[in-house]
Every structure is written in structure tokens, then in C-alpha cells.
Amino acid sequence: MVNMHAKPQTLDTLDSCLTTANALYGDFPGLQAKLQTLRPYICPFEALVPHVPESSTVLDIGCGAGLFLSLLNAAGKVKEGVGIDISVKAIALAQKLPGAVDGNLDFHLTTVTDPLPEGPFDIVSMIDVAHHVPPTAQIDALSAAIDRVRPGGLFVYKDMAQKPLFHALMNRLHDLVLVREWINYLPIARVDAVADEKGLDTVHSFSINRLWYAHEGRLYRKAI
């Protein structure tokens, strides 16, 4: 397990994220915990964690089993963190993590109709969430998330990329096998447009291919 009183870690490489994920979940039984130890191979957390300021209040929408919030916490980035997800099993695992048991992280089960926590938060994140949302609700979901960011705060967005075709197909296969869902790609240009309409500026962007997956991400700052 991660020592909550240890020196904060610099999680700016794949190896460092893998090591921390294994420390967080390696002692838990079951497939879901094992998948968390391997997820940094798929999701480039090292492209996100270093950009979050220390001692932030964080809302992670669609937090799953709590990996992103826990990586931020291990890096000394979280003053108070809230994670929400619709998966009973994922939240049950997240609630066993060090930051939830005796620390500063709260993980809550939610439904698709529940309102988001009001905040505002220094950081609001949506990582691999938008493609699970029905196309007719994606823009409303983005807008609601952005509304929870305090002035001067960051909206952290990452999702599966629609191009190139091979990677897009492998993204689809991944979700069909693991969660039995068909990806609803949200073009990153539409995300940029919503962010611009809501008064956010892009401060960091990336496109990363890892294994057979393609990712694209943004960090947007809300105007003061």
C-alpha cells in the first residue's frame, strides 16, 4: 500500500505511474484491482498528473476505481478529492484505498440522473468518460463539468481518439470486451468549442498512441 505520509512522488513517467498503481492496488484480490495496476499501460496519466497544482480541490467525474485521484494524491496534488462513478464494484474498491480510508479522498456512487457535486473545485477531470455518454447528452455533460470549475481553475479532459482508423477500431474492441459498450466518439474539436464558449483557454494539449490505443487530451483554464 502507498504510505500517505511518504514524500510526494513525481509521477511524470509511465514507470512511476505503474509503480504507484501497483502499490495502491497490488494487495487487493480480483480482476478489477489487477486491471488498475495495468491501466497506466493504456492511459497516459503521466501526461496529466504533473500539470495539476499541489494542494488542489479535485472532482473526478467517472472516477472508476479511483486510480487518477489516487495518483494525484500520491503526488501531493490533492487537498480534498471527490470521485463519483456509476459502478458499484468500482466505487467499492476505491473506498478501500488509503486516501479514502484515512485520508482526504471521498468516493461516491452516483447515477446518470444525479446532479454533480456543486463545488466549485480547483480541478475537475473527465478521463475516458465522454465516450460512454450518449451523443445527445455529451455536450450537456461537458458543460455541467466545466460549471464546477472555479475561476482560474483547470478542466482536465482525456478521451479515446477517433483517428487513425486502426487505433479507433482497437478502442472500440477494448470497450466491447471489457464493458460491453459501443464507443460514442466526441470529436476533440467539439470539446474545444464548448470550452471556448464557456470561457476556458487551452493550456496543454496532447495526442498519444500507446500500444494499440490512441488518446487525446486537453487542460483548459477557466478565466478569472
Side-chain angles (χ1 to χ4, degrees), residues 4 43 45 48-49 51-159 184 186 188 190-204 217-224:
M4 298 304 298
C43 183
F45 292 110
L48 300 170
V49 173
H51 296 277
V52 174
E54 294 182 2
S55 300
S56 296
T57 57
V58 184
L59 171 63
D60 188 19
I61 301 167
C63 66
L67 179 55
F68 181 56
L69 262 180
S70 294
L71 291 174
L72 289 177
N73 203 33
K77 305 288 188 172
V78 182
K79 179 181 179 181
E80 296 178 357
V82 177
I84 59 172
D85 201 276
I86 63 173
S87 169
V88 173
K89 291 182 178 179
I91 290 296
L93 177 56
Q95 290 173 341
K96 298 176 182 177
L97 295 171
V101 172
D102 58 1
N104 51 341
L105 304 183
D106 290 319
F107 295 101
H108 302 287
L109 186 67
T110 189
T111 71
V112 294
T113 58
D114 288 338
L116 297 176
E118 284 298 324
F121 298 87
D122 299 322
I123 309 294
V124 176
S125 55
M126 288 182 65
I127 298 175
D128 293 333
V129 172
H131 67 261
H132 293 296
V133 179
T136 54
Q138 286 174 327
I139 301 305
D140 286 343
L142 277 177
S143 295
I146 291 170
D147 287 343
R148 270 59 179 181
V149 182
R150 69 162 179 81
L154 292 175
F155 178 48
V156 179
Y157 179 87
K158 202 289 287 181
D159 215 312
N184 300 306
L186 178 60
I188 196 66
R190 293 197 67 193
V191 181
D192 288 336
V194 172
D196 183 65
E197 290 171 4
K198 304 287 278 187
L200 277 64
D201 294 321
T202 302
V203 295
H204 177 60
R218 298 283 192 274
L219 275 77
Y220 304 98
R221 188 174 303 281
K222 181 176 279 191
I224 297 177

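Please read these numbers as outputs of a predicted model, since none were measured by experiment. Numbering of residues begins at 1 and proceeds along the displayed sequence.
Between Phe45 and Leu67 the shortest side-chain heavy-atom distance falls below 4.5 Å. Taking 4.5 Å as the limit, every side-chain heavy atom of Arg148 sits out of range of all side-chain heavy atoms of Pro117. Contact of the Asp159 side chain with the Val129 side chain is not registered, since no non-hydrogen atoms from C-beta on lie closer than 4.5 Å. At a threshold of 4.5 Å between non-hydrogen side-chain atoms, the residues Val133 and Val112 do not count as touching. Side-chain contact check for Lys158 versus Asp128: some heavy-atom pair is nearer than 4.5 Å. The closest side-chain heavy-atom distance from Ile146 to Lys222 is below 4.5 Å. By the 4.5 Å heavy-atom criterion applied to side chains, Leu154 and Pro53 are counted as neighbours. When side chains are defined from C-beta on, Cys63 counts as touching Ile91, because their heavy atoms get closer than 4.5 Å.
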Test log, rule side chain to side chain contact (heavy atoms under 4.5 Å, CB included), inputs Phe155 and Met126: CA-CA 8 Å; Phe155 178 48; Met126 288 182 65; 3.9 Å; yes

Criterion side chain to side chain contact (heavy atoms under 4.5 Å, CB included) on Leu186 and Tyr157, from CA distance to verdict: CA-CA 12 Å; Leu186 178 60; Tyr157 179 87; 4.0 Å; yes

Residues Tyr220, Asp196; criterion side-chain hydrogen bond (donor to acceptor under 3.5 Å, both in side chains); working and verdict: CA-CA 9 Å; Tyr220 304 98; Asp196 183 65; over 6 Å; no

Residues Ser70, Val78; criterion side chain to side chain contact (heavy atoms under 4.5 Å, CB included); working and verdict: CA-CA 9 Å; Ser70 294; Val78 182; over 6 Å; no

Side chain to side chain contact (heavy atoms under 4.5 Å, CB included) between Asp122 and Arg150, intermediate numbers included: CA-CA 6 Å; Asp122 299 322; Arg150 69 162 179 81; 2.4 Å; yes

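Applying side-chain contact (heavy atoms from CB on, under 4.5 Å) to Leu116 and the options Thr110, Val124, Val82, Ile84 leaves one that passes, Ile84.
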